[in-house]
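This report refers to the structure that appears directly beneath it.
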2 protein chains.
Amino acid sequence: MHRPTIEDVAKAAGVGRGTVSRVLNGGPVAERTRARVEAAIAVCGYEANVHARSLASGRSDVYAAVLTEPYGEVFEDPTFGLMLQGISSALTGTEISLSLLIATNGDERERAIRHLDPARLDGVIHLTPHIEDPILAALDPTLPTILCGAIDIPRVNLWTVHADDYQGGQLGARHVLERGSRTVAILAGPKDSYSAETRVAGQRDALGSHFRSDLVASASWGGEGGTNAMAALLAHEPAIDAVLCASDRQALGVMALLQALGRRVPDDVRVVGFDDQRFAARCLPPLTTVRQPIAQIGANAAEVLHRALAGGNPESVTLPTELIVRASA
Amino acid sequence: MHRPTIEDVAKAAGVGRGTVSRVLNGGPVAERTRARVEAAIAVCGYEANVHARSLASGRSDVYAAVLTEPYGEVFEDPTFGLMLQGISSALTGTEISLSLLIATNGDERERAIRHLDPARLDGVIHLTPHIEDPILAALDPTLPTILCGAIDIPRVNLWTVHADDYQGGQLGARHVLERGSRTVAILAGPKDSYSAETRVAGQRDALGSHFRSDLVASASWGGEGGTNAMAALLAHEPAIDAVLCASDRQALGVMALLQALGRRVPDDVRVVGFDDQRFAARCLPPLTTVRQPIAQIGANAAEVLHRALAGGNPESVTLPTELIVRASA
DNA sequence: ACAAGCAGTGGGAACGCTCCCACTACGTAC
DNA sequence: GTACGTAGTGGGAGCGTTCCCACTGCTTGT
C-alpha cells in the first residue's frame, strides 16, 4: 500500500537494514548478498526517501544556482540559460538536484539569502558578472561556493570557473591588428564586471602602442549599450576602423548603428563580438567573435563543486576562448 | 555550538516542543506564549531544519519547473527565462524552493523523470509548448501539475495557465484588416504546439472571408523559421501585404527578409509579432505585436499550484493578451 | 457545589534513513 | 587446540521535526 521503505527491502532480501543501506551507499557487502539486495530493490520498486536520507546524513544533495540581475535582464541574455544548461547536464547521472534562486530585487534577494543555508544545500554556484554582489557578502563561508564571473574573492571553500577573458581580449585585438586596423575602439562591459575589466587588459596588452585609452568606453551588455557607446566614440574619433565588443549583443547594436551611418562592415569598420552566441553566425554580416564555452563553464562549476564536496581539493578553472572568424572582421 | 533545534528553543522559552511547533506552523497558541516563543526563536537564531520537517510532515516544500526543449533552444528564447522569473517572484515570501529540471536529451529526461517524484516534490510546473512530451506521460498523476503551454490534458490534479491565444490571434488579424491589408499570411508556430494552433484559429475567425489556408505556414519559433517560411509563402503568393507571426523572433526574421527583398515595412507588408519581447520595441521598425504576459503566466502557475496544495479547488487560468501598436503594422 | 466543556499545553511516537558498535563465522598462526 | 584477526552483517540510537492524544486548569451551566 505505502511506498516501500528500506526495511521492506531488507525483509524481502532476508537481510538487515544496515546491509541494504550499505548496498545503496557503496559500503562493503559480499557479492552474493549485494545481488540479492539489488534484486529485492528492483522487485519492491524501492526508491530512497531523500528527506530521511538528508536528515540522517547531513547531506542534502542539492546545489543552488544563484542569478542576481535586475528584472528583465536575467534571461534577455542567453548566457545565464546556457550556464544553467551546463550545470544541469553535469548533474545528469547524479542524485543531486538543482535549486534555482533568482534575485532581481530586494525581496527576492532576501529569500535567496534565507535559502542559501548549509542545512538546505550542499553548495552554491553563483552566476553573476557583478563584482560587488550583496549575496556574496551574506554567504555562509561554510558553504562551498563556485563563482562564475565574479572576481576571485579570498575565502575558504570558494573556487572560480570562468573563461580566459585576458586571452579572449588578446585574440580579438590581435586579429583586427593583423587585418590592418590601427584605430581600435573598445567597448568594455559594465564597470562592475570583472570579466570586462580583464578583457580590456588583454586588449590593451595586445594592441600595444595602438592602444588608446580615449577609445575605451563602458557599456551595458545589450544592443543599445553598444549603439550608444559606439555613437559617443565615433563622435569623439570618426576615424575608428575597428571595434572590439564585450558581447555579441553589443556588436549587433554597433553594426546596426554603423549601417544607419552608412559605414560598411568590415570594409570601413571591423566589428568583433564576444561570446559566439547562436545568432552571431546568422546576423548580417556574420559576426567575427571570441567564443567562450558558456555551457561548459556551468558544467565545470558543477564538477568542481562535486569534487570539493567529495573531499578532494579541486582547483579553480580557467577555460580557453577561441577566435571565430566570420565576415564582420 | 551546534545549530539550535526546536528543543533548544522550547527550553529557552520554557515551553514544550509541541508549543514551539505550533507557533511555527500557525496552530492555536495563547498570545502571551506565542510572544515568548517568538522571542526565544529570535534569541537562538533558530531556523527550522527543512529535512526533518519534510520527513515528519510529508510535504517537501519544493516545486519543480520542467523545461523540455532541444539543446540550445531552451534559453535562446527569453520566454522560458521570463516564466522562471515569474515563478520565482511568486515564491518570494513563501518557504517553497524551486527545483529546476532541464531535459534536452534522453539522459536528462530520464533524470527529470526520476526527480519528478511525489516524495521529493509537492508539485510540478511544466513549461513546454509541445503537445506530446514524454515527460507528461511519465508524470505521476498524484503529483499536482500545472501546464504552461501544453494542451489541457484530462487528468486529476492538473491545471493549465496560459495566455489567451485565440484572442491574441484575433487581435493581430483584426488590426491588419483595419489597416487595409487583404492578403494576409500567417506564420504559425511549430506543428506540435497547442498555442500555435489556437492562435491560427483566432486569426482564421477574425479574417473571415479573407482567410486563405494556402497562406498559413508552420515555422519554428526562431528568426530563421520566420525567414524561411516567409520566403516560401512569398514565392507562392507575391501579393502578401501582411503577415501575422507566432513570435517576435519570427517577425525579426521576416523583416530582415523583406528588407533584403526591398519591400518596405509597413508600407508594402505589415508585420505583426507575438509576445512583445523587450527587443520588439527596439528593432527597426519597432514591432507591432500581441503582448502576452509571460512572467505573469509563471507567477500564476505558482499561485494555482499553491492553492491546489492548500486544498483549494483552483481553476485553470487564461490570461488576456494585448495588441501593442508600433510602426511595423 | 459539581459536571461538563474547552482553550491551551506537554511530550510520546513516528517519519525513513545513516552511522556505528557489537557480534558472528570463518580462516590463519602458533 | 587455542588465540587472534578479519570480512561481513544486524540492529540500536539518533537525526529534528510533526502529529496527536492525554492532561491541566478555567469558565460556564444547572
Side-chain angles (χ1 to χ4, degrees), chain A residues 1-38 40-41 44-62 95 97 117-122 309-311, chain B residues 1-38 40-41 44-62 95 97 117-122 309-311:
Chain A
M1 198 60 255
H2 72 304
R3 190 189 183 91
T5 70
I6 201 172
E7 206 90 38
D8 297 326
V9 174
K11 207 158 293 171
V15 300
R17 188 169 17 89
T19 302
V20 179
S21 174
R22 247 163 271 138
V23 169
L24 291 171
N25 299 297
V29 179
E31 210 40 65
R32 277 184 48 80
T33 320
R34 157 163 283 127
R36 231 173 46 247
V37 170
E38 272 162 0
I41 287 174
C44 299
Y46 171 74
E47 195 91 33
N49 179 308
V50 288
H51 303 122
R53 168 175 295 191
S54 295
L55 179 59
S57 69
R59 272 177 298 108
S60 57
D61 286 342
V62 175
E95 273 307 294
S97 60
D117 176 341
R120 287 178 181 258
L121 308 164
D122 291 343
L309 286 165
Chain B
M1 199 59 260
H2 71 305
R3 190 189 182 91
T5 72
I6 200 172
E7 207 90 40
D8 296 327
V9 174
K11 207 158 294 171
V15 299
R17 184 166 23 83
T19 301
V20 178
S21 175
R22 246 163 273 139
V23 169
L24 292 170
N25 298 296
V29 180
E31 210 40 65
R32 275 185 51 81
T33 321
R34 157 161 284 125
R36 234 179 37 252
V37 170
E38 271 161 1
I41 288 174
C44 299
Y46 171 74
E47 195 91 33
N49 180 308
V50 287
H51 303 122
R53 167 174 295 188
S54 295
L55 180 58
S57 70
R59 272 176 300 108
S60 56
D61 287 341
V62 175
E95 273 307 294
S97 61
D117 177 342
R120 286 178 182 258
L121 308 164
D122 291 342
L309 287 164

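Note that the coordinates shown come from a computational prediction; the quantities given were computed from them, not determined experimentally. Here is the naming used below: chain letters follow the sequence lines, and residue numbers restart at 1 for every chain.
The shortest distance between side-chain heavy atoms of B:Asp61 and B:Arg53 falls below 4.5 Å. Counting heavy atoms from C-beta on, the side chains of A:Thr19 and A:Arg22 come closer than 4.5 Å. Inter-residue side-chain proximity for A:Thr33 and A:Val23 is flagged as unmet; no heavy-atom pair is nearer than 4.5 Å. Here the side chains of B:Val37 and B:Val15 are in contact, with some heavy-atom distance below 4.5 Å.
Each of B:Ala30 and B:Ala52 has a nearest nucleotide on DNA chain C; the 5'-most of these lies closest to B:Ala30.
Phosphate contact (OP1/OP2 of C:dC15, side-chain N/O of A:Asn49, threshold under 4.0 Å): absent. A close approach under 4.0 Å does not occur between any side-chain nitrogen or oxygen of B:Ser57 and OP1 or OP2 of D:dT17. Within the structure, a side-chain polar atom (N or O) of B:Ser21 is placed less than 4.0 Å from OP1 or OP2 of D:dT18. Residue B:Thr19 places none of its side-chain N or O atoms closer than 4.0 Å to OP1 or OP2 of C:dT9.
Salt-bridge formation is not detected for the pair B:Glu47/A:Arg120: no Lys NZ or Arg NE/NH1/NH2 atom is positioned less than 4.0 Å from an Asp or Glu carboxylate oxygen.
Atom P of nucleotide C:dT18 and atom CZ of A:Arg59 are separated by 8 Å, given to the nearest angstrom. In this structure, A:Arg22 places its CZ atom 10 Å from C1' of C:dC20, rounding to the nearest Å. Rounded to a whole Å, the NE2 atom of A:His2 is 13 Å from the C1' atom of C:dC17. In this structure, A:Glu47 atom CD and C:dG16 atom P are separated by 14 Å, rounded to whole Å.
Among the heavy atoms of the strands lying under 4.0 Å from B:Val29 are primed sugar atoms or P, OP1, OP2 only; no base atom is included. Note on B:Thr33: only backbone sugar-phosphate atoms sit closer than 4.0 angstrom, heavy atoms only; bases stay farther off.
Taking 3.5 Å as the limit, the base of C:dG12 and the side chain of B:Arg17 contain a donor-acceptor pair of atoms between them. Judged by distance alone, with hydrogens and angles left aside, A:Arg32 brings no side-chain donor or acceptor close enough to the base of D:dG8 to form a pair under 3.5 Å. Not a single donor-acceptor pair, N or O on each side, falls under 3.5 Å between the base of D:dG8 and the side chain of A:Arg34.
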